[in-house]
Each structure stands twice: as structure tokens, then as C-alpha cells.
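First the proteins, then the strands, lettered A, B, ... as listed; each starts at 1.
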Protein chains: 2
Amino acid sequence: MVTDRSPALDRVFHALAHPARRAILRSLADREQNLSELAAPLRMTFPAASKHVKVLERARLVRRRVVGREHICRIEGRPLGDADQWLEQFRRNWERNFLRLDALLDQMHAEERDRDSEHPKR
Amino acid sequence: MVTDRSPALDRVFHALAHPARRAILRSLADREQNLSELAAPLRMTFPAASKHVKVLERARLVRRRVVGREHICRIEGRPLGDADQWLEQFRRNWERNFLRLDALLDQMHAEERDRDSEHPKR
DNA sequence: GCGATCTGTAACCATATGGTTTAATATACA
DNA sequence: TGTATATTAAACCATATGGTTACAGATCGC
């Protein structure tokens, strides 16, 4: 069971809530990249891009290793799976309740038909 | 194709990034509820809870209709599906690249074996 | 060693977020 | 008509966010 009270989930969804950070993730889906490579396509200064990577790291969506002067980043998939799982579980729950509502409506219609056949209008 | 630059997606993920808002959604998954009912279980003042509902509305995750003095809220599923879709597409992409990496490693190992068989060490 | 490169840190700014308290508005009810 | 109820709005506060510029450290290549 995925609870709503989860600082980890807070950080993951917050990390996903900015287009620059989603772009960084997408960029990293192809291959590992260092900070300069990640920052280049973003229309902002390097420090701003660096902060976005830090947000992704706090959410554990990205890990970095330092090689010489380069900081090489890669995606960590598990937290993304957590977000996925929350959404999927939620959606399932919700759809189940929709089905329940449908069943209720069917039942009401059936009862209505029963009443009509017992006490025909005509 | 889901793009990274999407204010709608920004709002959805941001809305999901707070435990109170996830709790509200979960509560609404069971049944429609007015603001007082939604606010009751949250450990915060009514106005604070009301603001959270507004955030969910801005993300189009929740719709309200006014009946007398009550504001009755229900979930709107489509934007949640968008988030789901982004995550799913992203995950698929990422896993595909992982498979590609596996294939590359297999290929490298195969070439290594070929070299070894052409030039045996012993 | 020296200059170019990759990154971090600090200081600053405007705005957003998440909460509070208090007051105002509209509706239901007796 | 008056009172309780459901909700919004306004004012305020502390902190976070997202961006900038300027500077400080490492480290690579010559």
C-alpha cells in the first residue's frame, strides 16, 4: 500500500513538476551526461541548471559520480517507479469505484424495471 | 508524443507533490465530497484546505459544482491520465535504452569471445 | 606552471507556497 | 427575522523556488 504521507513521493512529484527537470530526465534516458552537457540545451544559466539537477538528486531520480572535474549523471529508476505505482494504484482504485457506481446504476434500473412490470403504467 | 514543455503537466505534478492534496484525491476517489468533508481529516485550518482544493482545480484534477451553500467536489480523471502517460512513455523509453545497453554489452562480450577463440591465451 | 574548462558557492532578487487569523458573503433553518 | 453553516477573501508571515551575477576551486592539457 502506497500512503499519501510520503516525503519521498513529495520530492519525486515536485521534481517532475518543472519542464526543465523533465527535459533533463529525458536527456539522461538516452545516455549518461555531465552537467555541462545537461545544461547546454536549457535556456538558463549553468548555476540554474545545476540547481535543477540537485532537485532531481534529492528526489533520488538522478545519481552523480565525479570523474576528474566532470560530474556525470545517470537516472535512478526506482523512485520513478514509486510515482508510477502511486498513480497506477490510485487510478485502479478510482476506476473500481466507477465500476461500482455503474453496478449501482444497473441495479437501480433493474429495480425500476421490476416495479414497472409489477405495476404497469398503461 | 508527450512534450516536456507542458504547463498542464507542470500543474498536475505540482498538485500531486503535496500529501494533503494526494489525501484529498484519495478521499474523492471514494465519493464526491464538499469542502468541509474534505477539510475535516486534514490537520490544518479550513482556508488552508480550501487552497489545496484550488490547486487541484487549477490542475483540472478536481471539479466543483455549487449546490446551495455547499461546494461539492469530484475527480476529473483525464489530467491524471496525462501524468500517467508521461511516466509510462518515459519509463518505456528508458527501459528500451537499458535493453539497448544490454544488447551492446552482449555484443562486446561476443566479440571478446571471438578474439579469444582466434588468439587463445594458453 | 598556466590557461582553459567544469563545477560549486555565495549573495541577491522576485515571486510562489503553505500556513495562519480575521472578516465578509451567501445560504439554510427555526 | 435572526442565527448557524459553508465558503471565500484579505492580510500577514516564514520559507521555498527559480532565476541571475560574480567569484572560488579543482583538474586537464600544453
Open item on the list: For the CG atom of D84(A) and the CZ atom of F90(B), what is their distance to the nearest 0.5 Å?
Closed with: 11.0 Å

Open item on the list: If I take atom CD from residue E32(B) and atom CD1 from residue I72(B), how far apart are they, to the nearest 0.5 angstrom?
Closed with: 6.5 Å

TODO: Check whether the side chain of R69(B) and the base of dT5(D) form a donor-acceptor pair under 3.5 Å.
DONE: yes

So, OP1 or OP2 of [N]: does either fall under 4.0 Å of a side-chain N or O from [X]?
X      : N       : value
R64(A) : dG8(C)  : yes
H18(A) : dA16(C) : no
H71(B) : dT25(C) : no
H52(A) : dG19(D) : yes
S36(A) : dT7(C)  : yes
T45(A) : dG19(D) : no

How many Å lie between [atom1] on [X] and [atom2] on [N], as a whole number?
X      : N       : atom1 : atom2 : result
I24(B) : dG18(C) : CD1   : P     : 11 Å
L42(B) : dT20(C) : CG    : P     : 11 Å
F13(A) : dA16(D) : CZ    : P     : 22 Å
E70(B) : dT8(D)  : CD    : P     : 12 Å
D10(B) : dA16(C) : CG    : C1'   : 14 Å
R65(A) : dT27(D) : CZ    : P     : 16 Å

TODO: Specify the residue among V67(A) and A48(A) whose closest nucleotide of DNA chain D lies further upstream toward the 5′ end.
DONE: A48(A)

- [ ] Using heavy atoms to find the nearest nucleotide of DNA chain D for A17(A) and P47(B) separately, return the residue whose nucleotide is more 5′.
- [x] P47(B)

- [ ] Quick one: label R21(B) by what it contacts on the DNA or RNA (base, sugar-phosphate, nothing), any heavy atom closer than 4.0 Å.
- [x] sugar-phosphate

Task: Sugar-phosphate, base or nothing in reach of S50(B), heavy atoms under 4.0 Å - done: sugar-phosphate

Check for a donor-acceptor pair, side chain of [X] on one end and backbone N or O of [Y] on the other, with a separation under 3.5 Å.
X      : Y      : value
R64(A) : H71(A) : no
R60(B) : R11(B) : no
R22(A) : L16(A) : yes

- [ ] Among dT9(C), dG19(D), dT21(C), find the nucleotide with the atom closest to the side chain of K54(A).
- [x] dT9(C)

Open item on the list: If you only use heavy atoms from C-beta on, which nucleotide in dT7(C), dT17(C), dT8(D) is closest to the side chain of L35(B)?
Closed with: dT8(D)

